[in-house]
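As the structure is a prediction and not an experimental result, all values here were calculated from the model. Lettering follows sequence order; numbering is per chain, from 1. Both backbone and side-chain heavy atoms feed into the values below; hydrogens, waters and symmetry mates do not.
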2 protein chains.
Amino acid sequence: MSTLPEISDAEWTVMQVLWERSPQTAAEVVDALDGHAAWAPATIKTLLGRLIRKGALTYTEDGNRYCYRPAVDRAACIRRAGRSFLDRVFAGDPMPALEHFVRSEPLSDDQIEALRRLLDERREGGTR
Amino acid sequence: MSTLPEISDAEWTVMQVLWERSPQTAAEVVDALDGHAAWAPATIKTLLGRLIRKGALTYTEDGNRYCYRPAVDRAACIRRAGRSFLDRVFAGDPMPALEHFVRSEPLSDDQIEALRRLLDERREGGTR
DNA sequence: TGCAAACGATTACATGTGTAATAGATTACA
DNA sequence: TGTAATCTATTACACATGTAATCGTTTGCA
């Protein structure tokens, strides 16, 4: 509803952790990112703070620490990021993007099968 | 070969024009973007200059004006952007990305057919 | 042959981003 | 009960980005 905030690259990393499980304290997010991102804890705190300010996260206080949770819908953010990627790289046209990923990314036979089924559904499911 | 430069959102818009046709002078690029981007000519000059500095464009001089042309491969930039998008939004996993686009973007029956054929090739064509 | 137009280069500037240290408040343990 | 650990908030800072105006030079037309 209210306009989605812009979420930067580093911020996505943090959001993913909280979309995966929430609420979490800053310390838990730091733990979850251990290894994945070589960030100082202070860096993660900064990102959490910025995401609060942008309205992408909310928190409840628990003693002196915050319990963070997403305030924006993951699917909506994915749609926005997908659209933005299509516009930037493929002039908004989904077809060459799909061809690109099918051609250049590794897919197992099972995954290929699943995609075929999905395409079948799409064809029946009406134009939209 | 030499590491691809980072190309920003606005810069992509300019690169697309030159990948589409090159070389072009700044004035031609401005024309090509007329309507598409509501940019002052000066803005486009700035972007061309930055792309030169980054090594994404080269130019030859023609009188007092430059003829710009891409210095980086479009396909390579697309691969990089695709990978970066996958990493950011789908934890690097192509399958949910493909599902997302198939589900959320409009595709004609012909396009769906083409994708099916492409998936067939992929299945035969060996894992890589 | 002089002036206006056009060109690229330089400068501008607010905001975003990556990356983090520090300061001030609080809390938990000894 | 005091002190060390831990929180969030504040501050830092260089570089990227979007967006453009201006400057100095060249050039083409009158």
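- Contact between the side-chain N/O atoms of Y68(A) and the OP1/OP2 oxygens of dT8(D) is found at a separation under 4.0 Å.
- Atom CH2 in W39(B) sits roughly 8 Å away from atom P in dG18(D) (whole-Å rounding).
- Checked against dT17(C), dT17(D), dA21(C), the side chain of S8(B) finds its nearest nucleotide in dT17(D).
- Checked by distance alone, R50(B) brings a side-chain donor or acceptor within 3.5 Å of a matching partner on the base of dT19(D).
- Computed from coordinates, the E11(B) CD to dA16(D) C1' distance equals 9 Å when rounded to whole Å.
- Side-chain proximity of Y66(B) to dT17(C), dT19(C), dA9(C): nearest is dA9(C).
- OP1 and OP2 of dT8(D) both lie 4.0 Å or more from every side-chain N or O belonging to Y59(A).
- A residue-by-residue look at E6(A) and A38(A) shows that E6(A) has its nearest nucleotide of DNA chain C further toward the 5' end.
- For K45(A) and dT22(C), the shortest distance from a side-chain N or O to OP1 or OP2 is not below 4.0 Å.
- Both distances falling under 3.5 Å, in either a Watson-Crick or a G-U wobble arrangement, place dG8(C) opposite dC23(D).
- The distance between atom CG of L48(B) and atom C1' of dC7(C), rounded to the nearest whole Å, is 12 Å.
- Listed pair T25(A) / dC7(D) fails the phosphate criterion, with no side-chain N or O lying under 4.0 Å from OP1 or OP2.
- Separating the CD atom of E28(A) from the C1' atom of dT6(D) is a distance of 15 Å, rounded to the nearest angstrom.
- Counting distance only, with no hydrogens placed and no angle test, the side-chain atoms of T46(B) and the base atoms of dA20(D) include a donor-acceptor pair under 3.5 Å.
- Look at T43(B) and you'll find a side-chain N or O under 4.0 angstrom from OP1 or OP2 of dA20(D).
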>> How would you summarise protein contacts on nucleotides 25-30 of chain D per nucleotide, using B for base, S for sugar-phosphate only and - for none, with heavy-atom distances below 4.0 Å?
In response: -SS---
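- Among the atoms of the strands shown, base atoms are found under 4.0 Å from some heavy atom of A42(A).
- Across all non-hydrogen atoms, the minimal contact from P70(B) to M15(B) is CB-CE, 4.3 Å.
- We find that CD1 of I44(A) is positioned 11 Å from P of dT19(C), with the value rounded to whole Å.
- Ring planes of F90(B) and F85(B): perpendicular class, angle over 60° (limits at 30 and 60°).
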